[in-house]
Amino acid sequence: MAKVTIIGATGSLGRVTTQTLLSETDFDLTLFSRSANHLPDYPRVQKVGASTSEASKLATAIEGSQLVFVALSGDLPKMAEQIIAAMKKVGVKRLVFICSYGIYGEIAGSTGNDGGILRPYRQAADIVEASGLDYTILRPGWFDNGDDTDYQLIPKGEVIYGNTISRKAIAEVVKQIAENPHLYVKQNLGIVR
């Protein structure tokens with residue numbers, strides 16, 4: 001059976017994506033997080049409690065995956081480099097990486113000056129784009145707990161109107177990519193309602 005690895009599985013987006021993939025697909029999942037032991041036990045799930053800096057555990061979690069989904073916070077450029085290195089080591093090419101909208105000053109009415117708050121997200125996006133992997137970068141607006149799966153995808157370079165997106169909608173896009181790995185390859189997309 002095909003496998004998806006979720007890195008950042010204990011975060012709010014990781015949890016919703018886990019539920020979506022378990023209830024709507026037959027993928028096996030590897031849930032990777034420093035606190036993976038706090039996650040419930042699910043059928044079809046392997047939990048790996050580790051940091052992205054633990055290269056051998058990261059590589060083992062990724063090995064054999066059809067898709068690696070990353071939704072992390074913290075030192076994103078460093079974590080992106082660690083994940084890319086692990087993926088290359090085990091020969092996995094398909095990556096979906098969550099960044100942030102606004103990293104290119106593309107929000108309607110924006111002056112493009114974020115005070116540096118978004119700089120790590122931009123750096124991580126640049127690293128992913130230069131990785132040589134089959135990536136999709138998703139740049140969501142503010143997450144909310146809405147039950148809707150309404151979304152629009154905005155290509156890099158276009159102005160983004162809107163600022164919210166439900167976690168369920170992001171999980172829906174991840175599910176579509178898991179089911180069709182050729183979807184949105186080498187694309188960097190804003191995602192909002």
Side-chain angles (χ1 to χ4, degrees), residues 1-11 13-33 36 42 44-48 50-52 54-73 76-101 103 121 123-140 149 151 153-156 165 167-191:
M1 183 48 55
K3 177 176 112 172
V4 173
T5 297
I6 298 176
I7 299 176
T10 53
L13 193 49
R15 287 176 185 261
V16 172
T17 302
T18 296
Q19 289 300 324
T20 297
L21 293 176
L22 285 175
S23 65
E24 299 179 22
T25 75
D26 57 1
F27 289 111
D28 291 331
L29 303 181
T30 297
L31 305 181
F32 187 95
S33 171
Y42 301 107
R44 304 187 344 253
V45 168
Q46 175 190 4
K47 298 185 285 187
V48 179
S51 164
T52 58
E54 295 177 76
S56 64
K57 289 184 179 180
L58 181 60
T60 299
I62 291 171
E63 191 167 19
S65 290
Q66 176 171 319
L67 172 74
V68 175
F69 172 61
V70 179
L72 293 169
S73 60
L76 286 181
K78 182 178 179 182
M79 290 184 280
E81 289 172 349
Q82 292 164 337
I83 292 162
I84 290 163
M87 290 179 69
K88 288 181 175 181
K89 179 180 179 181
V90 298
V92 173
K93 298 218 21 118
R94 194 65 176 97
L95 172 66
V96 176
F97 196 95
I98 297 293
C99 262
S100 174
Y101 82 148
I103 63 175
Y121 293 93
Q123 291 169 335
D126 291 347
I127 290 165
V128 170
E129 286 183 320
S131 68
L133 297 174
D134 293 337
Y135 67 84
T136 302
I137 296 171
L138 293 177
R139 295 177 287 111
T149 56
Y151 65 88
L153 298 173
I154 300 99
K156 178 180 175 183
I165 186 73
R167 289 172 180 88
K168 286 186 176 183
I170 297 169
E172 176 65 22
V173 174
V174 174
K175 179 188 83 167
Q176 290 175 15
I177 294 170
E179 292 175 334
N180 181 2
H182 301 291
L183 197 61
Y184 310 125
V185 170
K186 306 260 193 227
Q187 292 191 43
N188 182 332
L189 302 164
I191 178 171

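Values below: every heavy atom of this structure, side chains too, minus hydrogens, waters and symmetry copies. Not measured: the values here are computed from a predicted model.
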What distance separates I7 CD1 from L95 CG, expressed to the nearest 0.5 Å?
8.0 Å
Applying salt bridge (charged side-chain N to carboxylate O under 4.0 Å, His left out), name anything that partners R167, two or more places apart in sequence or on another chain.
none
Side-chain contact test, heavy atoms from C-beta onward, threshold under 4.5 Å: evaluate it for I98 versus P140 and give yes or no.
yes
S51: side chain to side chain donor-acceptor pair (under 3.5 Å) partners, not counting sequence neighbours
S53
Hey, does the side chain of S100 reach the backbone of Y121 with a donor-acceptor pair shorter than 3.5 angstrom?
no
Who passes side chain to side chain donor-acceptor pair (under 3.5 Å) against K47, sequence neighbours left out?
D41
Test of understanding: with side chain to side chain donor-acceptor pair (under 3.5 Å), list the residues that count as partners of R15, not counting sequence neighbours.
none
From L138 atom CG to L13 atom CG, the distance as rounded to the nearest 0.5 Å:
9.0 Å
Rounded to the nearest 0.5 Å, what separation is found between the CD atom of E179 and the CD atom of Q66?
9.5 Å
Are F27 and K3 side-chain neighbours, meaning at least one heavy-atom pair lies under 4.5 Å?
no
Give every residue pair that meets the side-chain hydrogen bond (donor to acceptor under 3.5 Å, both in side chains) criterion with at least one member in residues 123-133, sequence neighbours excluded.
R122-D126, E129-K156, E129-N188
Distance-only, no hydrogens or angles: does the T5 side chain make a donor-acceptor pair with backbone N or O of A61 under 3.5 Å?
yes
Could you report the tightest heavy-atom contact between G8 and L72, atom names first, then the distance?
CA-CD2, 3.6 Å
Who are the side chain to side chain contact (heavy atoms under 4.5 Å, CB included) partners of V90, not counting sequence neighbours?
A59, I62, E63, V92
Test of understanding: with side chain to side chain contact (heavy atoms under 4.5 Å, CB included), list the residues that count as partners of K168, not counting sequence neighbours.
V16, D147, T149, S166
Tell me which donor-acceptor pairs under 3.5 Å the side chains of residues 169-177 have, and how far apart each pair is, sequence neighbours excluded?
unit_1: E172; atom_1: OE1; unit_2: K175; atom_2: NZ; d: 3.4
unit_1: E172; atom_1: OE2; unit_2: Q176; atom_2: NE2; d: 3.1
unit_1: K175; atom_1: NZ; unit_2: E24; atom_2: OE1; d: 2.7
unit_1: Q176; atom_1: OE1; unit_2: Y151; atom_2: OH; d: 3.1
unit_1: Q176; atom_1: NE2; unit_2: Y151; atom_2: OH; d: 3.4

By side chain to side chain contact (heavy atoms under 4.5 Å, CB included) - contacts of A50 (at least two apart):
F32, V48, E54, K57
When rounded to the nearest 0.5 angstrom, what distance separates CG in D134 from NE2 in H182?
8.5 Å
Quick one: salt bridge (Lys or Arg N to Asp or Glu O under 4.0 Å) pairs with a partner in residues 88-99, sequence neighbours left out?
none
